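We use all heavy atoms of the structure for the numbers below, so side chains are in, but hydrogens, waters and symmetry mates are not. For clarity, every value in this text was computed on a predicted model and none was experimentally measured. Chain letters run A, B, ... following the sequence lines, proteins first and then strands; every chain starts at 1.
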Amino acid sequence: MSSAGQIRKKSFGDRKILSGAVVDSFVKLDPRTIVKNPVMFVVEVGAVLTTVQLVWNAVHHAGQIGFGLQISLWLWFTVLFANFAEAMAEGRGKAQAETLRKARAETEARRLLPDGSTEVIVSSALRAGDEVLVCAGEFIPGDGEVIEGVASVDESAITGESAPVIRESGGDRSAVTGGTRVLSDEIRVRITSNPGETFLDRMIHLVEGASRQKTPNEIALNILLAGLTIIFLLAVVTLQPFAIYAGAPQSIFVLVSLLVCLIPTTIGGLLSAIGIAGMDRLIQRNVIAMSGRAVEASGDVDVLLLDKTGTITLGNRQATALHPCPNITEVELASAAQLASLADETPEGRSIVVLVKEKYGLRGRELAAHNPTFIPFSAQTRMSGVDMDVHEIRKGAPETIAKYVAERGQEVPAEILEIVKDISNAGGTPLLVSQDRRVLGAIALTDVVKGGMRERFDHLRAMGIRTMMITGDNPLTAAAIAREAGVDDFLAEAKPEDKMALIRKEQAKGKLVAMTGDGTNDAPALAQADVGVAMNTGTQAAKEAGNMVDLDSNPTKLIEIVEIGKQLLITRGALTTFSVANDVAKYFAIIPAMFAGAFPQLGILNIMRLRTPESAILSAVIFNALIIIALVPLALRGVRYRPVGAAALLRRNLLLYGAGGVIAPFFGIKLIDVLLTYAGIV
Amino acid sequence: MTANGWFQIAFYLLVIVLLTKPLGIFMTRVFNREKTFLDPILRPVERIVYRLTGVDEKHEMRWTEYAMAMLLFSGVSMALLYLIERTQKWLPLNPQNFPNVEPGLAFGTAASFTTNTNWQAYSGESTMSYLTQMAGLAYHNFASAAVGIVLAIVVIRGIARKETDKLGNFWVDATRCLMWVLLPICLVSSLVFVSQGVVQNLKPYATVQLIEPQTVQVTGPDGKTTTQTVTQQVIAQGPVASQEAIKEFGTNGGGFFNANSAHPFENPTPFSNFFQIVLIFAIPSGLTYTLGRMTGSQRHGWAVWAAMAFLFFVGVTTVYWAEARGNPLLAGTDQRASALQSGGNMEGKEVRFGIANSALFATVTTDASCGAVNSMHDSFTPLGGMVPLINIMLGEVVFGGVGAGLYGIVVFVILAVFIAGLMVGRTPEYLGKKIESYDVKMAMLAILILTFTILGFSAIAVVKPFGTSSISNPGPHGLSQVLYAYVSSAGNNGSAFAGLNANTMWYNTSTAIAQLLGRFFMVIPVLAIAGNLAKKKIVPESAGTFPVTGGLFASLLVSTILIVGALTFFPALSLGPILEHLLMLAGKSF
Amino acid sequence: MKKNLIIAVWFTLVTTMIFGLIYPLGVTGLAQLFFRERANGQLVEKDGKLVGSRIIGQAFTGPGYFHPRPSAAGTGYDPTASGGSNLAPTNKALLERVKGDVQKLQSENPGASIPVDLVTTSGSGLDPDISPAAAEFQIPRVARARGIHEDEVRGLVKKYTKDRDLGFLGEPRVNVLELNLDLDQHPPLH
């Protein structure tokens, strides 16, 4: 289910995003904006201070002009780079919102009046509770529920999936989204949202980041960063008296440089970009998270509740065996089953054709000569088949076929009834095949576990996540599938209330539960779950209850969502660690540079052997600014997540971002120092 | 450095390891109100104490009430100490007829002993009556130690309990701590000390005739030097051993005499010295085991222990190395270690302890927020003196003060877990408790207060005449002296670069404020964390849970302590001890 | 709040009684009972009068006595003013003082290297001990002044040299007061 939809990812190098981000970086210099980010605010204040000092020096011919200018410039760059990172992350969302907005374009709506007639109004005049009529070729004017009729709908504007989907009244496929187009038939829709509050509107808000609020973890991290900033502010402010005592007072340029290098600018500059990018990664996978909190929570999930059907097993059962009547050969049954299914485009129908071809070597035949009339599956008849020449071949559910043959006084043989029962008991679905209203035999449709599920569950287990299969099957069948798929546990003969109870039980143990659901009866459970992913094909109620919507309606995606949540948290942790670890090298660059003049002996701390004090300080400041830009791709892409245990993950990331964070700047600063010296800048 | 020196250090660490478990279990039982072998004797006394004081031992407190009770107790007992100091002249047990203590000094001393700092701007043997020493100062050694320990217990309870706001009863915890944990061991230890030669009497000072009368130069108040003949020696006495035991065991560190544990009457033999440093680390080390036991993660307790032990070992190695190298500026002296002498930098050190035991004691006492000294830190080599300074700067978490070390390191654990915990892809959690913005806020507050106090006061003192005039060692060492004063005060250590004249209006007041801030403004955020953690649910452990056990966690904790604790002070250190060291190597003196 | 305040007052008084009075007085009683001499400071009597404490240093400057280390306690070895010099290793005052002492000692015993403890003050200013090296350094002077044989003095030094406690704790040391008191018992050879 992945085609190139309109809201799919815009590449990082997209010109428009890039230029937009550059402009935004300057707009975001507004102190009222930047004060929300304490770390960058301090940098900006520092930049203002050095700039003022620079101007003062220039006016009073006080020297240090070249050095002061370069420091000031790089401090401004530091702020701009951080702004740029945020703008980049937002830019991608904005581009996506742009596309969505197009889908929201004003359309006309035919509102049903109480007397049964219709009036044409603009879609924005619709209110919740209005009923509209939508025909083939028309856009659905707003979010709503189908209350009458069946139609195929093109939802590609939202999902990017070009194949049309069926929307029908009643049941779990009744929700329609404004901006999607009816391809066939006519439906009556009850509008459920007012203009500006539609799903599309909310999506636009979300991807634009307009309604983005800081998540709990982000707030906590911000407090930590603010605290560290204050600590280093204290360290630098009090350094001046110490320096005065030592007889080596420092200039504003140097002090501000030291401060900016010490405070965690790397993570401070990238923090919001990481958050936005996390949501963005979900959107790229066609999942809309209603809040950043939900994305964070998905990283913490302990238990995944997975519906068996469609998630663990292929959404549709597949034909796995043929059971002919006593006087019928298997080949006869196979042949009839094939003919009955040729026009059946449902996955079940196709699986029958495939089974017959593979098991009995029967290929599709040239039927034109037989003047065939295909009878597609319909909700009324609940059968499909073909009429050719004089023969009437049908296949369908046992009761339907039984009724159908009973019309001609035929009965289903007792042996077949026995087989039907067996198939049902084993958790499969039996189908009967009849020719000329005589039952030929039964087809067994059974669950087939999707490929690669076992590995995924193993990975989840390694991450410490327990998977639980929910199924309406009896315990025996459920156990068999659970074993085959490799889930940790299962809940058989589950009713919607059971799901709810299970979630409550797990939560009482302190666990975080994630689940997917689509039906209205899933809504309470979706609301109760810590992470509830509603399928876009589901009902409006389900979509309202969950905190994420999967536009692809692919239940397996829950696993990816968990990974994205974890990735988001890991990226934050990794860059925080990296940022703090960087300070060691910066000290070794700046402290000896500050005091080498007064105390040449302190030169021994200059372990990087930086050329001059000015070059050392400048190199540290430049490194500090450039590292933000260098890490933008990582912040947007996220640190790669590996499904291994926490201890292994921690070891790896600590080594990479902790130890790496200590070592990297030594090389980085040295390199910049060499380049600066080479270029003759200092 | 000698093999014997290393052996003594290794032997010491071994004894501490062996003590950790039994003491940890004992304290767990005491504070869980389980049965102990001392109950038959102590339980009746405990009941009497509750009856006399009106304590309802069934009552459990929230963190706010607990904090209030703790503050009230500290306040009232501090007031009583002040009162005793100010009236000692009229009170009994004052054989030397010392006058009442001056108000400034009395206040500073009261603050200092209430906060478990025991910073001393006076000489005990010439200022304090026996009553003040016993009922005032030594009593506070008990009281402040008990307060520290019960606060650590509350923090452990906060981690271990779930979905409750009740954390125990301060009065009950304090009583049990005093009677079960502190009293019995102090009783035994003081007798051990007496057996080694620590004095314990209420006699007036003894006057003895010198065998060889001495001619000395005395500089009078008018600045004139006169020659006098000294024929007598007045030997100070007092109830020293009873105070010595709690001074070490409660990591208080306030000496009976000015010279503290360097004084032969406080610390007469290498064995008494060894016994003292064992007492200093005993409770802080044992509490790590209590942490593990009460929270059900013994391996976490040991991981915390290992992080502490690592920092201790690095510290003691550095001091030992620096002091054994000696002072290159002392030309013409033999500073090499041999069978006949320990050599090294012997200024301010006792012959019976030599270099290894002085280095070990200095590291232990500053790691543990004790502040007792058996050698004068001010005369240490720059790097040898920097280690005690850093030990305190780290927040007194390397074993730390009784209780204070444990709750201090919990703050760092929370930060470590928060910074790196994200890297396992879950919002950070510590032993099943989610670490959220409130916890981070309080942890940062605790650290900020320490930094703010130390750097703020030091910065003022080094540029103002009222600060610099007290400096006795010019050059970079002067900065170290001032820094040490505030580091020691805010860290509630109490040791000093004692050349600094701290008995001035500015230093008495500012160090007292630093001590009070460092103790109570650190404790309140920590208690808030405990209260908040206790309310939370426990998230069950899984393979995805951040591991707070093992070497990886221990090294993470060490890094966090070093980066958050030490990096803040690196600029100051580089202008103080580091610069002094480099200048000393270059042959400079001041 | 009010209830806890009342408890705080009573609690302070009750615990002060127990831990501030009963405990130290009890320890005093036990100490006087079991370790009378040690609990009272190991005072030394000579000819019926007190001449010092075995474990508190005392100044000796005459050539016939072993000298203790320099002392920063008061005017030197004043037990009512214990303490070290607190001079930093880079302090000129320290370097000058040591320089002076070194010169004096070199003239006493030319050629011998000067053990560092002989020219540095102790932490207490009351250090009763010197290192065996410092004692060895002084043997020629003492022997010369007293007119007794160096080996006899060396023997006495050995007698008052204490090894490490339990064989490994601390450092070997020589008690100056005890040594000097014993020296006075030894008449000159001639």
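Interface residue B/A339: only backbone heavy atoms are found under 4.5 Å from chain C. Only the side chain of B/V218 has a heavy atom closer than 4.5 Å to any heavy atom of chain C. Only the side chain of C/D184 comes within contact range of chain B, with at least one heavy atom under 4.5 Å from a heavy atom of that chain. Using a 4.5 Å cut-off between heavy atoms, B/I235 touches chain C through backbone and side chain atoms alike. Only the side chain of B/L131 comes within less than 4.5 Å of a heavy atom of chain C; its backbone N, CA, C and O stay farther away. Both the backbone and the side chain of B/H263 come within less than 4.5 Å of a heavy atom of chain C. Of the two parts of B/M78, neither the backbone nor the side chain holds a non-hydrogen atom closer than 4.5 Å to a non-hydrogen atom of chain C. The part of B/Q214 that comes within reach of chain C is its side chain, from C-beta onward, which places non-hydrogen atoms under 4.5 angstrom from that chain. Looking at C/Y77, the atoms closer than 4.5 Å to chain B (heavy atoms on both sides) sit in the backbone and in the side chain alike. Interface remark: C/V98 contributes side-chain atoms only to the contact with chain B (heavy atom separation under 4.5 Å). For a residue to count as touching a neighbouring chain, one of its non-hydrogen atoms must lie under 4.5 Å from one of that chain's; by this rule B/Y205 touches chain C with the side chain only. For chain C, the nearby parts of B/M134 are the backbone and the side chain; heavy atoms of each come within less than 4.5 Å. With a threshold of 4.5 angstrom between heavy atoms, B/V216 approaches chain C through side-chain atoms but not through N, CA, C or O. In this structure, the portion of C/V14 lying under 4.5 Å from any heavy atom of chain B is its side chain and not its backbone. Interface residue B/Q237: only side-chain heavy atoms are found under 4.5 Å from chain C. The contact between C/I18 and chain B is made entirely by side chain atoms (from C-beta outward), counting heavy-atom distances below 4.5 Å. Only the side chain of C/L166 comes within less than 4.5 Å of a heavy atom of chain B; its backbone N, CA, C and O stay farther away. With a 4.5 Å cut-off on non-hydrogen atoms, B/K349 touches chain C through its backbone but not through its side chain. Of the atoms belonging to C/A134, not a single heavy atom falls under 4.5 Å from chain B. Both the backbone and the side chain of B/P382 come within less than 4.5 Å of a heavy atom in chain C.
Summarising the geometry of B/V351 relative to C/D127, their closest heavy-atom pair is N-OD2, 2.7 Å, with the distance given to 0.1 Å. Closest non-hydrogen pair, C/R173 versus B/P270, comes out as NH2-CD, 3.4 Å. In terms of heavy-atom proximity, B/L80 sits nearest to C/T16 at CD2-OG1, 3.7 Å. When all heavy atoms are compared, the tightest approach of B/Q8 to C/R164 is NE2-NE, 4.5 Å. Across all their heavy atoms, B/K588 and C/T90 have their closest contact at O-CG2, 4.1 Å. Nearest heavy atoms, B/L340 versus C/S131: O-CB, 3.5 Å.
You'll find the side chain of B/V199 stays beyond 4.5 Å of the side chain of C/N40, heavy atoms only. Side-chain contact between C/S124 and B/P264 is present, with heavy atoms from C-beta onward closer than 4.5 Å. In this structure the side chain of B/R352 never reaches within 4.5 angstrom of the side chain of C/K162, judged on heavy atoms. Contact check for C/L87 versus B/N473: side-chain heavy atoms found under the 4.5 Å cut-off. Using a 4.5 Å heavy-atom threshold, the side chains of C/T120 and B/N327 count as separate. Annotation: side chain of B/F590 is not in contact with side chain of C/N91 (no heavy-atom distance under 4.5 Å). Using a 4.5 Å heavy-atom cutoff, the side chains of C/N86 and B/H377 are not in contact. Inter-residue side-chain proximity for B/D334 and C/I114 is flagged as unmet; no heavy-atom pair is nearer than 4.5 Å.
Top candidate by heavy-atom pairs under 4.5 Å with chain C, chosen from B/A262, B/A135, B/G348, is B/G348. In terms of heavy-atom pairs under 4.5 angstrom with chain C, the leader among B/F265, B/W171, B/F497 is B/W171. Per-residue counts of heavy-atom pairs under 4.5 Å with chain C were compared for B/Y50, B/F142, B/F73; the largest is that of B/F142. The greatest number of non-hydrogen atom pairs below 4.5 Å with chain C, out of B/F257, B/F353, B/F7, is found for B/F7. Interface remark: of the candidates B/A331, B/A236, B/G54, B/G197, B/G197 forms the most heavy-atom pairs closer than 4.5 Å to chain C. Top candidate by heavy-atom pairs under 4.5 Å with chain C, chosen from B/T175, B/T207, B/N273, is B/T175.
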| task | Apply side chain to side chain donor-acceptor pair (under 3.5 Å) to the pair B/Q233 and C/D78, showing each step before the final yes or no. | result | CA-CA 6 Å; B/Q233 196 181 28; C/D78 178 356; over 6 Å; no
| message | The test is side chain to side chain contact (heavy atoms under 4.5 Å, CB included); show your working for C/V27 and B/L187 and say whether it passes. | response | CA-CA 7 Å; C/V27 172; B/L187 204 58; 3.8 Å; yes
| said: Pair C/F19, B/H140 - check side chain to side chain contact (heavy atoms under 4.5 Å, CB included), show working. | reply: CA-CA 9 Å; C/F19 298 92; B/H140 268 273; over 6 Å; no
| said: side chain to side chain contact (heavy atoms under 4.5 Å, CB included) for C/I56 and B/V208? Distances and angles first, verdict last. | reply: CA-CA 11 Å; C/I56 296 284; B/V208 301; over 6 Å; no
| message | Before you tell me yes or no, could you show the steps for B/Q341 and C/D117 under side chain to side chain contact (heavy atoms under 4.5 Å, CB included), namely the whole-Å CA-CA distance, both residues' side-chain angles and the distance that decides it to 0.1 Å? | response | CA-CA 8 Å; B/Q341 68 162 3; C/D117 61 303; 3.8 Å; yes
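Atoms CG and NZ, from B/L72 and C/K3 in turn, are 12.5 Å apart once rounded to the nearest 0.5 Å. Interatomic distance, C/Q58 CD to B/I211 CD1, rounded to the nearest 0.5 Å: 5.0 Å. In this structure, CG on C/L25 lies 7.0 Å from CG on B/L93, to the nearest 0.5 angstrom. Here the CG atom belonging to C/D101 is positioned 11.0 Å from the OG1 atom belonging to B/T333, to the nearest 0.5 angstrom. Annotation: the span from B/C186 atom SG to C/Y23 atom OH amounts to 4.5 Å, rounded to 0.5 Å.
A donor-acceptor pair shorter than 3.5 Å cannot be found between the side chains of B/N201 and C/Q32. Between the side chains of B/E125 and C/T80, not a single donor N or O lies within less than 3.5 Å of an accepting N or O. In this structure, a donor-acceptor pair under 3.5 Å is present between the side chains of C/T15 and B/Y139. In this model, a donor atom of one side chain and an acceptor atom of the other lie less than 3.5 Å apart for C/T28 and B/Q200.
Between B/E347 and C/R97 there is a salt bridge, with a side-chain nitrogen of the basic residue lying less than 4.0 Å from a carboxylate oxygen of the acidic one.
Ring geometry, B/F11 versus C/F168: the interplanar angle exceeds 60°, so the pair is classed perpendicular (tilted spans 30 to 60°).
Atom CZ of C/R141 has more than 12 neighbouring heavy atoms from other residues, nucleotides or ligands inside a 6.0 Å radius.
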